[in-house]
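Computed from a predicted structure; not experimentally measured.
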Amino acid sequence: MVILELRDVWAGIEGKTILKGVNLVVKEGEIAALMGPNGSGKSTTAQVIMGHPKYTVEKGDILLDGESILGLSPDARAKRGLFLAFQYPVEISGVTMANFLRRAYLSVHGESTRKLSVSEFHKLLVENFKLLQMDESFAKRYLNEGFSGGEKKRSEIVQLATLSPRIAILDETDSGLDIDSVKIVADSIKRINEDKGTGFLVITHYARILNYLKPDVVHVMYDGRVIASGGFELAEELERKGYAALNTI
Ligand code: ADP
Ligand code: MG
């Protein structure tokens, strides 16, 4: 049942240790939230799970289906079903969203039986743009170029819905979104979770998106460790008291 597990993960960048023994589990079909103050190591955790080459895992293990993935490249991890929506989505000039998504889809699912014809793929894209309430003309635009902050974040979720990973990590996808967009993003996450059983690790600062999502579990990170885990009430408590109260949890 457990799919993604971090076991006592110590990791750093350029000789500086940032994660100091992270223990974390994301189960199949679960929506988990990861909260914590700026600089506590949330984005580092996301990058280390995906295998970003800039980070070094010093100790511990990351397992998918009980098997270590530490030796796998980011591409191989994506093929195994991991997906990361970036805190700062990149713009790619000259590559349309449709082409980007098609190539990403083939790269992740190419060898599997889930190959789709061009017209089936187009149908999938149209559905996913609709899910995120984006006009399908975005498919013809260059990836994220000239997109507003909110459109960039929604385009990341279109990508997620198209690739249909087993575990999706969203790094502050709700930051900078207006209230309507937060609801659209949250509704889409719930739909993907319910329809496809995708497990989510939602990194966020705000209880607002979690109010819509009603996560199964909330984890709190502080100084490179997960120091508390609990139900939604933990997010509400943090919203009320602030992270300064963490040492009382
Ligand atoms: P969060 O996402 O929780 O805000 P991060 O994982 O981005 O935290 O960062 C954790 C800590 O690692 C911060 O103190 C940050 O300054 C440090 N850090 C991140 N990237 C680098 C880097 N390239 N070089 C040195 N320190 C870094
Ligand atoms: Mg961050």
Side-chain angles (χ1 to χ4, degrees), residues 1-88 108 156 160 163 165-175 189 193 197-205 210 213 215-231 234-235 238 243 246-247 249:
M1 187 55 179
V2 168
I3 23 182
L4 177 68
E5 185 177 4
L6 277 72
R7 261 189 217 159
D8 191 30
V9 171
W10 292 67
I13 187 162
E14 289 158 17
K16 181 185 168 196
T17 301
I18 298 166
L19 303 186
K20 302 165 185 167
V22 175
N23 288 298
L24 183 69
V25 164
V26 185
K27 295 179 191 157
E28 190 124 44
E30 169 182 87
I31 297 182
L34 182 62
M35 303 184 80
N38 286 327
S40 56
K42 303 180 300 296
S43 292
T44 302
T45 301
Q47 297 290 359
V48 164
I49 293 170
M50 284 312 293
H52 193 299
K54 268 172 71 177
Y55 296 85
T56 309
V57 175
E58 298 154 4
K59 192 172 162 247
D61 209 348
I62 304 177
L63 305 120
L64 195 61
D65 299 315
E67 230 178 83
S68 178
I69 56 166
L70 281 185
L72 301 182
S73 67
D75 268 9
R77 294 183 199 202
K79 283 194 175 102
R80 293 277 186 98
L82 294 178
F83 175 90
L84 172 62
F86 292 111
Q87 185 167 359
Y88 306 105
V108 170
E156 291 277 297
L160 191 174
L163 295 182
R166 296 181 66 206
I167 298 272
I169 305 161
L170 308 185
D171 195 357
E172 294 197 29
T173 297
D174 56 328
S175 291
I189 292 171
N193 171 259
T198 304
F200 280 88
L201 183 64
V202 179
I203 299 173
T204 183
H205 275 296
L210 303 181
L213 281 179
D216 300 294
V217 57
V218 175
H219 303 288
V220 183
M221 183 160 243
Y222 189 79
D223 192 21
R225 280 184 201 92
V226 175
I227 58 152
S229 299
L234 192 51
L238 286 175
Y243 290 120
L246 273 178
N247 48 14
I249 287 176

Side chain Arg166, main chain Glu28, donor-acceptor under 3.5 Å: no

Which atom pair, heavy atoms only, marks the closest approach of Gly51 to Pro74? O-CG, 3.3 Å

Minimum heavy-atom distance between Pro37 and Ser40, given as atom pair plus value: O-OG, 2.7 Å

When Asp174, Thr173, Leu170 are each screened for side-chain contact (heavy atoms from CB on, under 4.5 Å) with Ile189, the one that passes is Leu170

Please examine the side chains of Ile13 and Thr44, heavy atoms only from C-beta on, and report whether any two atoms are closer than 4.5 Å. no

Look only at the side chain of Asp216 and the backbone of Ile31, and say whether a donor-acceptor pair between them is shorter than 3.5 Å. yes

Gap separating the CD1 atom of Ile227 from the CG atom of Asn23, nearest 0.5 angstrom: 13.5 Å

Kindly give the heavy-atom pair with the smallest separation between Val218 and Pro215, and that separation in Å. CG2-CG, 3.9 Å

Would you say the side chain of Trp10 lies within less than 4.5 Å of the side chain of Lys20, judging by non-hydrogen atoms? yes

To the nearest 0.5 Å, what is the distance between CZ (Phe83) and CD1 (Ile167)? 13.0 Å

For the atom pair CE (Met50) and CD1 (Ile69), what is the distance rounded to the nearest 0.5 Å? 8.0 Å

Quick check: do Gln47 and Leu84 have side-chain heavy atoms less than 4.5 Å from each other? yes

Just wondering, do Leu201 and Leu24 contact through their side chains at under 4.5 Å, heavy atoms? yes

ring-ring contact (aromatic ring centres under 6.0 Å, His included) partners of residues 38-63, not counting sequence neighbours, each pair once: His52-Tyr55

Ignoring hydrogens, what is the shortest heavy-atom contact between Ser175 and Glu172? Give both atom names and the distance. OG-OE1, 2.9 Å

Any idea which heavy atoms bring Pro165 and Gly81 closest together, and the distance? CB-O, 3.4 Å

When rounded to the nearest 0.5 Å, the distance separating CG of Asp75 from CG of Leu82 is 12.0 Å

I want to check something: taking the side chain as every heavy atom from C-beta on, are His205 and Asn38 in contact at a cut-off of under 4.5 Å? yes

Taking the side chain as everything from C-beta on, heavy atoms only, tell me whether Leu210 gets closer than 4.5 Å to Met35. yes

Rounded to the nearest 0.5 Å, the CD1 atom of Ile3 sits from the CG atom of Leu63 at a distance of 12.5 Å

Within the distance-only criterion (no hydrogens, no angle test), does the side chain of Asn193 pair as donor or acceptor with the backbone N or O of Gly29 below 3.5 angstrom? yes

Nearest heavy-atom contact between Ile18 and Gly41 is CG2-CA, 4.1 Å

Working to the nearest 0.5 Å, report the span between CD1 of Ile49 and CD of Glu5. 11.5 Å

I want to check something: taking the side chain as every heavy atom from C-beta on, are Leu19 and Leu6 in contact at a cut-off of under 4.5 Å? no

Under a 4.0 Å N-O cut-off, is there an ion pair linking Asp8 with Lys59? yes

Donor-acceptor pair, side chain of Lys54 and main chain of Glu14, under 3.5 angstrom: no

Donor-acceptor contact below 3.5 Å, side chain Tyr243 vs main chain Gly36: yes

